[in-house]
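Order of listing sets the numbers, starting from 1, for every ligand and every atom in it.
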Amino acid sequence: MISPQQAEHIIANCHLKLEPETVSIEAALHRTLAEDLYADHDLPPFNRVMMDGIAIAFRAIEQGITSFVLEGIQRAGEPQKQLQHAHHALEVMTGAVCPQGTDTVIPYEQLTITDGIAHVLECPAASGKNIHARAKDQQAGDCLARKGVRIGPAEIGIAASIGKAELLVNALPRVAICSTGDELVSITEVPLPHQIRRSNVYALQALMRAQGINSDLAHLPDDAHALTVALEKLTAQYDIILLSGGVSKGKFDLIPEVLESIGVACLFHRIAQKPGKPMWFGHNARCVVFAFPGNPVSTLACAARYLLPWIQSQQGLSISQWVEVHEEITLLEKLTQFIPVRFVTDGQQSKLAIIRNQGSGDFSALSGACGFIEVPSGADVNDAFNRFRFFPLP
Ligand code: AMP
Ligand code: MG
C-alpha cells in the first residue's frame, strides 16, 4: 500500500493534454490565465488629479502667494490645458489631467473661493500633492498578471484596463462523474428499505463546478458487462472520469478489473489512509480515472486531497495550505487520517474545529465543513503537534 504522498506524486505526473483557448472577458471568471497580461500603457497614463480643487505651480506657494486668480476649469476627460500665468490656478476635477504649468493640487476643503479668486487656507507642504504621477503604479510593458493565475474580479479589472476584451485561458477538461452500486436510486425517488439515494455524484459535481468545471453525470450497475460497455464509451469521450464505489474487496466491486480490461492502466490501488483506503487511480492515452470508494466521506476526502489539487495544478495553480488545530487527535499507527474541520467563532476570533462524525459513511455531520486536515500516522509523528496540511472544500 502506498502513502498519500506517493499517491499525490503519481497523480501529479499525469497530465491533461488540453489546448489553451480564447474566451471573452465576460466568460473568463474562475478560469486560469494561459498568457501573461502586460500593461499596454503607463499606469496611470498621465499625471492624474486625485482630488477636486485647484491646480497651481508650487513655486507660487514658495513665493508666499496664497490667493490665486482662477483661469478656468480642467475637467476629467478633457485634453490637457495650459496655465497661462504662473501665479494663477485652474480648477481641476478628480480624474482630470494635471494642467501644463501646474504641479500641485489643493483640495476645495483647504480653500475658499470668492469672485473668481481662490484663497488658500492650508498651504500644501510639498509640490506633487494630490497628483497621481504618470507611471507611478506600472510602466508600459510591466507584467500585471502571470500565467496560471485564477481569474477573479481583480484580474478581470486588470484585463479590461489594458484593453483585453478576450483572454487566453487554459481549456477546461470534459468530466464524467459516475456512481456505481445497485443499492443506489436517484435523488427524486423514495428509496425502498434496502436502498439509498446516490449523493456522491452531486457532491463531486458541486466540487467541480466550484472550479468552474461542468460535468456530466451517469449511474452504472454492479455488472461487469454493463460496466465494460459504459466505461469504454466514457473513456473515449471524456478527459477525466470520476467514479464512486465498487473499488473495495466485495464480490461486486468490479471497477478495477473492468477498467484494466478496457486498457485503463492502474497506477495505484489502495492508499494507507482513513477514510478512502481502497481508492484506485489509473489512466489511458487520453483520459485519467479517479475511482473513489463509495462511502460519502471517503469520496469527498479523496476528492479534496487528490483531485482538487491536481485539477488546479493542471490549470497552472499550485497551492499548499497549512493550518493549526488545537485539539486532541488520536493517531492511527499505520494510516494517515483525513479529518473534516469547520470554522467556529467565539465572536472575537475564528479557529478550526474538528467535526466528530461516525466514520466514513456519516455524511450527515459534514455540513459547514470547510475542508480536511491531513493527520500523519503515528509512525510518522513522534511529538504532539498541531500544524497540518489543509485541503479545502471550496
Ligand atoms: P462501495 O465503495 O461501493 O463498497 O460503497 C461503500 C458504501 O458507500 C456503501 O454503503 C454504498 O451504499 C455507499 N455509496 C456508494 N456510492 C454512493 C453514492 N453515490 N452516494 C451515497 N452513498 C454511496
Ligand atoms: Mg458498491
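Here the heavy atom of the protein found nearest to atom 6 (C) of ligand 1 is Asn295 N, 3.7 Å. Looking only at protein heavy atoms, the nearest one to atom 4 (O) of ligand 1 is Asp253 OD1, 3.9 Å.
Inspection of the Tyr306 and Gln273 side chains reveals an N or O donor paired with an N or O acceptor under 3.5 Å. In this model, a donor atom of one side chain and an acceptor atom of the other lie less than 3.5 Å apart for Ser67 and His119.
When all heavy atoms are compared, the tightest approach of Cys370 to Phe390 is O-CZ, 3.5 Å. Taking every heavy atom of both residues into account, Ile241 and Cys287 meet most closely at CD1-SG, 4.2 Å.
Close approach to Gly246 involves these atoms of ligand 1, each under 4.0 Å from a residue heavy atom: 1 (P), 2 (O), 3 (O). Atoms of ligand 1 lying under 4.0 Å from any heavy atom of Ser244, numbered from 1 in the order shown and given with element: 16 (N), 19 (N). Atoms of ligand 1 lying under 4.0 Å from at least one heavy atom of Ser179, given by number and element, are 19 (N). Near Arg197, meaning under 4.0 Å from one of its heavy atoms, ligand 1 places the atoms 20 (N), 21 (C).
No salt bridge links Lys147 with Asp36; every basic N to acidic carboxylate O contact stays at or beyond 4.0 Å. The pair Lys164-Glu155 does not count as a salt bridge, with every side-chain nitrogen at least 4.0 angstrom from each carboxylate oxygen. The residues Arg305 and Glu8 are annotated as salt-bridged, a charged nitrogen and a carboxylate oxygen being separated by less than 4.0 angstrom.
Any N or O atom pair closer than 3.5 Å counts here, and Gly294 shares at least one such pair with ligand 1.
Heavy-atom proximity to atom 19 (N) of ligand 1, evaluated over Ile196, Leu243, Asn200, is greatest for Asn200.
Residue contacts with ligand 1 for Leu184 involve side-chain atoms from C-beta outward but no N, CA, C or O (heavy atoms, distance under 4.0 Å). With a 4.0 Å cut-off on non-hydrogen atoms, Ser199 touches ligand 1 through its backbone as well as its side chain. When non-hydrogen atoms are compared, ligand 1 lies under 4.0 Å from the side chain of Glu183 (C-beta onward) but not from its backbone. Contacts of Thr299 with ligand 1, taken as heavy-atom pairs under 4.0 Å, are absent altogether.
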task: Could you check Lys351 against Glu327 for salt bridge (Lys or Arg N to Asp or Glu O under 4.0 Å), going step by step and ending with a plain yes or no?
output: CA-CA 11 Å; Lys351 63 174 186 177; Glu327 278 185 61; over 6 Å; no

